[in-house]
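One-based numbering, in listed order, for ligands and for the atoms of each. Computed from a prediction, not measured in an experiment: that's the story for all the values here.
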Amino acid sequence: MVKPLVYLDNAATTQKPQYVIDKTNNYYEKMNANIHRGVHALSQEATEAFESSRIIIKNFINALGKNEIIFTRGTTESINLVASSYGRKNIKEGDEIIISTMEHHSNIVPWQMLCAEKNAKLRVIPVNDEGEIIFEEFEKLINEKTKFVSIVYASNSLGTVNPVKKIIDLAHSYNIPVMLDAAQAVNHLKIDVQQLDCDFLAFSGHKLYGPTGIGILYGKVNHLEAMPPYQGGGDMISKVTFEETTYNELPHKFEAGTPDIAGAIGLGAAIEYIEKIGLENIAYHENLLLEYATKAVSDLQGLRIIGTAKEKIGVLSFHFENVHPHDVGTFLDFEGVAIRTGHHCTQPLMRRFNVPATSRASFGMYNTIEEVDVLVNGLKKILEVFG
Ligand code: PLP
């Protein structure tokens with residue numbers, strides 16, 4: 001018998017509300033045209049919908065202007081953009097870049113590649129047994145060689161919410177810019193980039209109940225103005241001759257080629273949807289689910305929760321003493337429960353906690369207490385079979 005789906009893999013990607021699907025489809029059905037280029041009505045309508053999304057996003061994170069909002073393919077591309085453009089221009093031999101042990105590979109590898117190219121050094125803030133950044137170690141790492149800090153706002157593997165404001169303030173006291181990977185934070189915490197005073201911030205649409213293949217890079221306008229383009233092509237230019245090219249103004253300088261127009265419109269719709277419900281209501285609901293689930297699994301024999309920070313988003317990672325996470329995932333799948341098992345693109349973090357992988361249940365706004373019960377009952381059955 002097919003069991004009803006209990007979808008608890010929201011940290012990987014979220015399901016899409018009908019409103020988002022309709023808005024995305026509506027572009028293809030009613031206004032499909034390329035943007036910024038045509039004088040015809042359809043192109044103008046598509047351009048307006050696309051640019052309206054940019055304003056929705058600007059307001060959502062309280063950026064100063066819409067020229068600070070760059071559409072990218074997602075968090076990964078946003079970080080690569082900053083590492084390539086800002087990094088290549090500003091990082092020199094012997095410089096240091098600070099990240100943390102709990103970074104997703106997309107906030108490790110681009111900096112590692114940059115360091116290899118520039119002969120610079122990657123420094124890593126350690127985490128404690130609860131899965132929290134050890135702030136005193138950050139204070140020790142930061143010095144006159146430090147030229148950039150890039151930190152995850154909320155960890156996809158542990159759920160930890162990092163003290164990013166404190167990190168930014170300390171880095172700024174040394175005049176060091178800070179980038180935040182907000183892939184997991186943006187759908188749980190209200191983000192105000194002006195209040196945070198971060199220099200760059202990245203997130204993906206698909207973790208925010210929006211489409212895949214679209215994401216955002218926020219950057220302070222003074223940085224973005226000073227940075228060279230990331231890619232060359234259509235739309236990012238002002239004038240092209242074979243001798244020389246001048247570049248378009250922000251944000252178009254960083255948006256070469258035809259973007260994911262439907263995706264951008266869908267992302268705007270997702271934010272409208274979320275704001276109607278209220279991010280604080282979503283966070284409250286997810287926290288209840290997390291607390292309930294954490295308590296329920298705590299009694300299970302041989303189960304160790306990986307990530308017990310004081311401040312967490314709705315992510316519950318765990319490891320069974322005698323059952324491999326892949327077996328946990330496969331067994332739960334038979335029960336209709338979708339969780340993620342593996343290293344969650346955080347291999348160094350798995351090494352830190354001495355586990356090959358974890359099982360991770362992550363909650364979204366549509367999950368229920370009854371669904372958590374299905375998960376916990378599934379885990380109890382696993383213990384009966386394997387235990
Ligand atoms: N950073 C974090 C914390 C993530 O959880 C993810 C995705 O899981 C990413 C970055 C990469 O996001 P994307 O694959 O959408 O670019």
If you compare all heavy atoms of Ala309 against all heavy atoms of Gly131, which two are closest, and at what distance to 0.1 Å?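 Distance-wise, the nearest heavy atoms are CB-O, 4.5 Å.
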Which atom pair, heavy atoms only, marks the closest approach of Asn187 to Ile282?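 Distance-wise, the nearest heavy atoms are O-CG2, 4.0 Å.
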Side chain to side chain donor-acceptor pair (under 3.5 Å) with Asn162: which residues, sequence neighbours excluded? none
Enumerate, one pair per line, all nitrogen or oxygen atoms of ligand 1 lying under 3.5 Å from a protein nitrogen or oxygen, stating the separation to 0.1 Å; write 'none' if no such pair exists.
from, atom 1, to, atom 2, distance (Å)
ligand 1, 1 (N), Asp181, OD1, 3.2
ligand 1, 1 (N), Asp181, OD2, 2.6
ligand 1, 5 (O), Gln184, NE2, 2.7
ligand 1, 8 (O), His104, NE2, 3.4
ligand 1, 8 (O), Lys207, NZ, 2.6
ligand 1, 15 (O), Ser204, OG, 2.7
ligand 1, 15 (O), His206, NE2, 2.7
ligand 1, 16 (O), Thr75, N, 3.4
ligand 1, 16 (O), Thr76, N, 2.9
ligand 1, 16 (O), Thr76, OG1, 2.5

Hydrogens and angles aside, do Asn367 and His285 bring a side-chain donor and acceptor to less than 3.5 Å of each other?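 Side-chain D/A pair, Asn367 to His285: absent.
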For Phe254, run the side-chain contact (heavy atoms from CB on, under 4.5 Å) check against Met236, Met227, Gln231 and tell me which one passes.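 That would be Met227.
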Checking side-chain contact (heavy atoms from CB on, under 4.5 Å) between Phe60 and each of Val193, Ile216, Ile191, Leu208, which is the one that passes? Leu208
